[in-house]
Amino acid sequence: MGASWARDLADLLLPAGCIACGIWVRGGEQAPLVCERCRTRLKVAPWPRCERCHFPRGTGSASDLECRGCRDWSAALSAARYAYVLAPPADDLVHALKYEAWPELAPVMAAAMSALSLPGEVGRVFVTPVPTTAERLRTRGYNQAGKLAECFAAGRSLPVVDLLSRRGAGSSQTSLHPSERRSNVAGAFSMGADVRVGLEGARVLLIDDVLTTGATACEAANTLVAAGVARVTLVAFARALPGLRTAA
């Protein structure tokens, strides 16, 4: 009775709200960050999907046609996988992790990414995040992709290594047209000589919060493959799909 009373008092004094919808969640400081209703509302992309990038193929009757989701991608990016569609409430979680200083969301989001079935995960496999610029790192205090990579790697018992660095120039990708996105990230990534050692023939799981056009992932993959990596697979929490509201 005493323990139950104490929990009720904690809930009253330390109310916890779901980060996605704001509804009160029982549990005080120990309450889950995302309520059960919002977890059930996370949208999974429909099947069938493109084998390479998992873009939905509609009825699947045109499976032999070139996928519009990855037809313009660099050959360096072998595949892409994502847990959810970037629609409510997934977009709220992405925004909270990226812009609202909620790094505590990373384990929740990475758990869904860790549960994905990934192609070609054999041999030497490294996990690396898509890096942010030094300016954004100072502003946010952390790289959201880095937080996801740490939790994802722990969930799959894989080593996580910061293989890439990103130049400070270039505007945000958020409001750019696909062709502008490609130009904006051209030459954006580099690798130090020290991190290239041991990459020959390795496979890299590239981690990011959102997959939109694939421009950033392709440019990162180009840099990794040029250093000797055999295969690059992007793993994201959410993917923006046409016709659905996006927020990152």
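Throughout, numbering of the chain's residues begins at 1 and tracks the sequence. Remember, it's a predicted structure, so these values are computed and weren't measured experimentally.
In this structure, the side-chain hydrogen bond (donor to acceptor under 3.5 Å, both in side chains) partners of Arg140, at least two apart in sequence or on a different chain, are Gln144. Partners of Ala110 by side-chain contact (heavy atoms from CB on, under 4.5 Å), not counting sequence neighbours, listed by chain and number: Leu148, Cys151, Phe152. The side-chain hydrogen bond (donor to acceptor under 3.5 Å, both in side chains) check on Glu51 picks up nothing, with sequence neighbours excluded. Remark: Tyr84 pairs with Phe237 by the ring pair (Phe, Tyr, Trp, His ring centres under 6.0 Å) rule, at least two apart or across chains. Under the side-chain contact (heavy atoms from CB on, under 4.5 Å) criterion, Ala149 pairs with Val127, Pro129, Val160, Ile207, not counting sequence neighbours. Residues forming a side-chain hydrogen bond (donor to acceptor under 3.5 Å, both in side chains) with Arg49 (at least two apart in sequence, or on another chain): His54. Among residues two or more places apart in sequence or in another chain, the side-chain contact (heavy atoms from CB on, under 4.5 Å) test is passed with Arg37 by Cys35, Arg41. In this structure Ala154 satisfies the side-chain contact (heavy atoms from CB on, under 4.5 Å) test with no other residue, sequence neighbours excluded. Residues forming a side-chain hydrogen bond (donor to acceptor under 3.5 Å, both in side chains) with Asn222 (at least two apart in sequence, or on another chain): Ser74.
No path of Ile, Leu, Val, Met, Phe, Trp and Tyr side chains, each step under 4.5 Å between heavy atoms, connects Leu137 with Leu105, placing them in separate hydrophobic clusters. Clustering ILVMFWY residues whenever any of their side-chain heavy atoms sit less than 4.5 angstrom apart, transitively, puts Val85 in a cluster other than the one holding Trp47. Residues Val161 and Phe189 fall within the same hydrophobic cluster, defined by Ile, Leu, Val, Met, Phe, Trp and Tyr side chains chained together at heavy-atom separations under 4.5 Å.
A donor-acceptor pair is defined here as one N or O able to donate and one able to accept, closer than 3.5 Å; no such pair exists between the side chain of Arg166 and the backbone of Thr133. Side-chain atoms of Ser157 do not come within 3.5 Å of backbone N or O of Ala153 as any donor-acceptor pair. Side chain of Asp72 to main chain of Gly214: no donor-acceptor pair is present (N/O by atom type, distance under 3.5 Å, no hydrogens or angles). Arg68 places no side-chain N or O within 3.5 Å of a backbone atom of Phe55 that could act as its donor or acceptor partner. Side-chain atoms of Trp102 do not come within 3.5 Å of backbone N or O of Leu33 as any donor-acceptor pair.
The two residues Arg39 and Pro32 come nearest to each other via the heavy atoms NH2-CB, 4.4 Å. Heavy atoms only, all atoms of each residue included: Leu93 and Ala20 are closest at CD2-CB, 4.1 Å. Taking all atoms of both residues into account, the shortest heavy-atom contact from Leu77 to Ala217 is CD2-CB, 3.8 Å. What you find for Met113 and Val235 is that their closest heavy atoms are CE-O, 3.5 Å. For the pair Pro103 and Leu97, the tightest heavy-atom approach, listed with the atom from each and the gap, is CA-CD1, 3.8 Å. The two atoms that bring Ala238 and Leu86 nearest to each other are CB-CD1, 3.9 Å, heavy atoms only.
For residues 103-132, the set of pairs meeting the side chain to side chain donor-acceptor pair (under 3.5 Å) definition, not counting sequence neighbours, comprises Glu121-Arg156. Identified under the ring pair (Phe, Tyr, Trp, His ring centres under 6.0 Å) test for residues 120-151, with sequence neighbours left out: none.
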Which atom pairs, one a donor and one an acceptor, fall under 3.5 Å between side chains of residues 192-204 and the rest of the protein, sequence neighbours left out?
residue	atom	partner	partner atom	Å
Arg203	NE	Val122	O	3.4
Arg203	NH1	Gly120	O	3.3

Query raised in the report: Which is it for Ser165 and Ser190 under the side chain to side chain donor-acceptor pair (under 3.5 Å) test, yes or no, and what are the steps along the way?
Result: CA-CA 5 Å; Ser165 58; Ser190 61; 2.9 Å; yes
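Between Arg239 and Val210, every side-chain heavy-atom pair lies at or beyond the 4.5 Å cut-off. No side-chain heavy atom of Val130 sits less than 4.5 Å from a side-chain heavy atom of Leu164. The closest side-chain heavy-atom distance from Arg231 to Val229 is not below 4.5 Å. Between Val232 and Val225, some side-chain heavy-atom pair lies under the 4.5 Å cut-off.
Atom-to-atom distance recorded for Cys38:SG and Asp92:CG is 7.5 Å, nearest 0.5 angstrom. With rounding to the nearest 0.5 Å, the separation of OH in Tyr82 from CG in Leu234 is 11.0 Å. To the nearest 0.5 Å, atom CG of residue Asn143 and atom CD of residue Glu150 are 9.5 Å apart. Taken to the nearest 0.5 Å, the CZ atom of Arg52 stands 8.5 Å off from the SG atom of Cys67. Note that CG of Asp91 is 12.0 Å distant from CG of Asp209, once rounded to the nearest 0.5 Å. Atoms OG1 and CG, on Thr212 and Asp208 in that order, are 8.5 Å from each other to the nearest 0.5 Å.
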